[in-house]
Asker: 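Just passing along the structure, written as C-alpha cells.
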There are 2 protein chains.
Amino acid sequence: MEKHRSFCPVNLTLEVFGDKWSLIIIRDIMFEGKRYFRELLQSEEKIASNILTDRLVMLEREGIISKADDPGHKQKYIYSLTEKGIDLLPIMVEIGAWSIKHRPVDLKKHKHAVDLVKGGKELQKEIRKDLVKQHIK
Amino acid sequence: MEKHRSFCPVNLTLEVFGDKWSLIIIRDIMFEGKRYFRELLQSEEKIASNILTDRLVMLEREGIISKADDPGHKQKYIYSLTEKGIDLLPIMVEIGAWSIKHRPVDLKKHKHAVDLVKGGKELQKEIRKDLVKQHIK
DNA sequence: AAAACCAGTTGCATTTTGCAATTTGTTTTG
DNA sequence: CAAAACAAATTGCAAAATGCAACTGGTTTT
C-alpha cells in the first residue's frame with residue numbers, strides 16, 4: 001500500500017531523497033565510479049553497512065539504480081544508474097553550485113565539482129553521455 | 001563546536017537539507033508566499049509545530065531565512081528568505097523537473113511548477129527578482 | 001470580558017539512525 | 001586442500017529524530 005504525503009513535485013522528491021545518505025550513494029556511483037557494495041561502504045562520510053543496504057534496496061525499488069550479478073564473481077553485485085538515476089545529474093550540479101557558493105566546501109579536494117559547475121550544460125551533456133555508456137545496457 | 005562529515009559539496013548541502021521537511025518550508029516561503037508560523041503550519045504535508053520550530057531555528061542559524069518582528073503585531077514574526085535562501089531556486093527548479101518527469105506529480109494541482117520548469121532561465125530570473133523585492137530589505 | 005489567534009513548548013510513544021559484531025557463503029593464497 | 005581474506009549483508013542494541021496531541025503565556029479581535 002503506497003502512500004504519499006502529497007503529490008507536489010518537491011515533496012515527491014523528498015520522499016525518496018529526504019535523508020542524509022541517498023544522495024551520497026548517488027554521488028559515489030555518479031562521480032566516483034563506484035559500482036560495488038564494498039566500494040560504496042568506503043565513502044568519506046562512513047556510511048554504515050545496514051544503512052547502505054537499506055538505501056540500495058530503496059533506490060532499486062524506486063527505479064533509480066539497478067542491481068545485477070557480476071559476471072565472474074558469484075557473490076558480487078554491480079550497481080548501475082538507470083535513466084531516472086542519471087537524470088539526477090542536473091540536481092547534483094545545482095546542489096554543487098549552491099554549496100560552493102554558500103558552504104565551506106574544500107575547493108582543492110573537490111576541484112572536479114568546481115569544474116563541473118563551471119562547465120555548464122555542454123560539459124553536463126558529455127558527462128551524461130559517459131554515464132549512459134557506462135550504466136545503461 | 002561545529003563538525004562536518006566531510007567538505008564535499010553534496011554532503012555539505014545534505015547536512016542542511018537532508019531531511020523530509022526543510023525544503024518543504026523553503027517551498028512554501030518561496031512559491032506559496034507564506035511568511036508566518038501559522039501559515040507554514042498549514043502545509044499540505046501537515047508538518048508538526050515542534051518540527052517547524054526546530055527547522056526554522058536551524059534555517060535561520062544557517063542563514064537561509066531571517067526572522068523579524070511583524071510591525072503592528074507584537075507577537076507575530078515574519079520570515080524572509082536571505083540571498084542564500086533565494087539561491088536555492090535553481091535547485092528547486094531541477095527538483096521540480098526531475099519529479100515531473102519521474103514521479104507521480106499531480107500536474108493539474110501543480111501547474112505552476114510545470115510552468116516554472118518550462119519557463120527556463122528567463123522566467124527563473126524574473127521570479128528571482130520578485131523574491132529579492134519581497135524578501136531582501 | 002470572552003473568544004480567537006499567535007508562536008511556540010511539553011510529554012511521550014514510535015521510528016530511524018549509528019555502531020560493532022556476526023553470519024553465510026565465495027575466492028584467493030600458501 | 002586448508003586457511004585466510006573477501007562479499008554482501010544481518011543482528012542486536014543504544015541513541016537520536018520524528019510524530020502527535022495537549023498545553024502555555026501572551027495579544028488581538030469581537
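Lettering of chains follows the sequences in order, A, B, ..., and the numbering in each one begins at 1. Treat the numbers as computed from the prediction; the structure is a model and nothing was measured.
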Asker: Mapping A:K76 and B:A48 onto DNA chain D by nearest heavy atom, which one lands closer to the 5' end?
Answerer: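 Residue closer to the 5' terminus by nearest nucleotide: A:K76.
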
Asker: Rounded off to whole Å, could you give me the CG-to-P distance for the B:D19 and D:dA16 pair?
Answerer: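 Those two atoms, CG and P, are 18 Å apart.
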
Asker: Check B:R103 with A:E62, please: is the shortest side-chain N to carboxylate O separation under 4.0 Å?
Answerer: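 Yes, charged N to carboxylate O under 4.0 Å.
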
Asker: Could you list the donor-acceptor pairs under 3.5 angstrom formed between side-chain atoms of residues 111-121 of chain A and any protein atom two or more places apart in sequence or on another chain?
Answerer:
{"unit_1": "A:K111", "atom_1": "NZ", "unit_2": "A:D115", "atom_2": "OD1", "d": "3.4"}

Asker: Could you state the CG-P distance from A:D69 to C:dG25, rounded to the nearest angstrom?
Answerer: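 Rounding to the nearest Å, CG of A:D69 and P of C:dG25 are 17 Å apart.
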
Asker: Any base atoms under 4.0 Å from B:K67, or only sugar-phosphate, or nothing? Heavy atoms, all strands.
Answerer: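 If one applies the 4.0 Å heavy-atom cut-off, B:K67 turns out to touch the sugar-phosphate alone, with no base involved.
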
Asker: Which of the following nucleotides, D:dT18, D:dA7, C:dC6, is nearest to the side chain of B:I51?
Answerer: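 Selected nucleotide: D:dT18.
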
Asker: Can you measure B:K20 atom NZ to C:dT15 atom P for me and round it to whole angstrom units?
Answerer: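 Atom NZ in B:K20 sits about 15 Å away from atom P in C:dT15.
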
Asker: Quickly work out the A:L41 CG to C:dG18 C1' distance and round it to whole Å.
Answerer: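 For the pair A:L41 CG and C:dG18 C1', the rounded distance is 13 Å.
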
Asker: Contact class for B:D54 vs. all strands (heavy atom < 4.0 Å): base, sugar-phosphate, or nothing?
Answerer: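 Here B:D54 touches no strand at all.
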
Asker: Has the side chain of B:S49 got a donor or acceptor atom sitting under 3.5 Å from an opposite partner on the base of C:dT9?
Answerer: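 Under the 3.5 Å cut-off, the side chain and the base do form a donor-acceptor pair.
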
Asker: Of all the nucleotides listed (D:dG19, C:dG8, D:dT10), which has the minimum atom distance to the side chain of B:N50?
Answerer: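 The nucleotide sitting nearest to the side chain is D:dG19.
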
Asker: Can you see if the side chain of B:W21 gets near the phosphate of D:dA17 - specifically, an N or O under 4.0 Å from OP1 or OP2?
Answerer: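 False: B:W21 side-chain N/O out of range (4.0 Å or more) of D:dA17 OP1/OP2.
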
Asker: Does NZ or CZ of B:K67 lie under 6.0 Å from the centre of the six-membered ring of B:Y79, at an angle within 45° of the ring axis?
Answerer: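 Pair B:K67/B:Y79 does not count as cation-pi.
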
Asker: For B:L56 and C:dA7, what is the distance between atoms CG and P respectively, to the nearest whole Å?
Answerer: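 B:L56 atom CG is separated from C:dA7 atom P by 10 Å.
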
Asker: Should A:Y77 be listed as having a side-chain N or O under 4.0 Å from OP1 or OP2 of C:dT26?
Answerer: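 No.
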
Asker: Can you tell me how far P of C:dG8 sits from CG of B:D70, to the nearest Å?
Answerer: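 It works out to 13 Å between those atoms.
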
Asker: Do A:K109's NZ or CZ and the ring of B:F7 fall within the cation-pi criteria of under 6.0 Å and 45°?
Answerer: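 No; the conditions do not both hold, so A:K109 does not lie above the ring face of B:F7.
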
Asker: CD1 of B:I24 versus C1' of D:dT18: gap in Å, rounded?
Answerer: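 In whole Å, D:dT18 C1' lies 15 Å from B:I24 CD1.
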
Asker: Pair A:L14, B:W21 - check side chain to side chain contact (heavy atoms under 4.5 Å, CB included), show working.
Answerer: CA-CA 8 Å; A:L14 290 179; B:W21 291 111; over 6 Å; no

Asker: When the distance from CZ of B:R55 to C1' of D:dA17 is rounded to whole Å, what number comes out?
Answerer: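 Nearest whole value for this atom pair: 8 Å.
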
Asker: Any idea which of C:dG25, D:dT27, C:dT9 is nearest the B:Q75 side chain?
Answerer: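 From the listed options, D:dT27 comes nearest.
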
Asker: Quick check on DNA chain C: between A:G18 and B:T53, whose nearest nucleotide comes earlier from the 5' end?
Answerer: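 Residue closer to the 5' terminus by nearest nucleotide: B:T53.
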
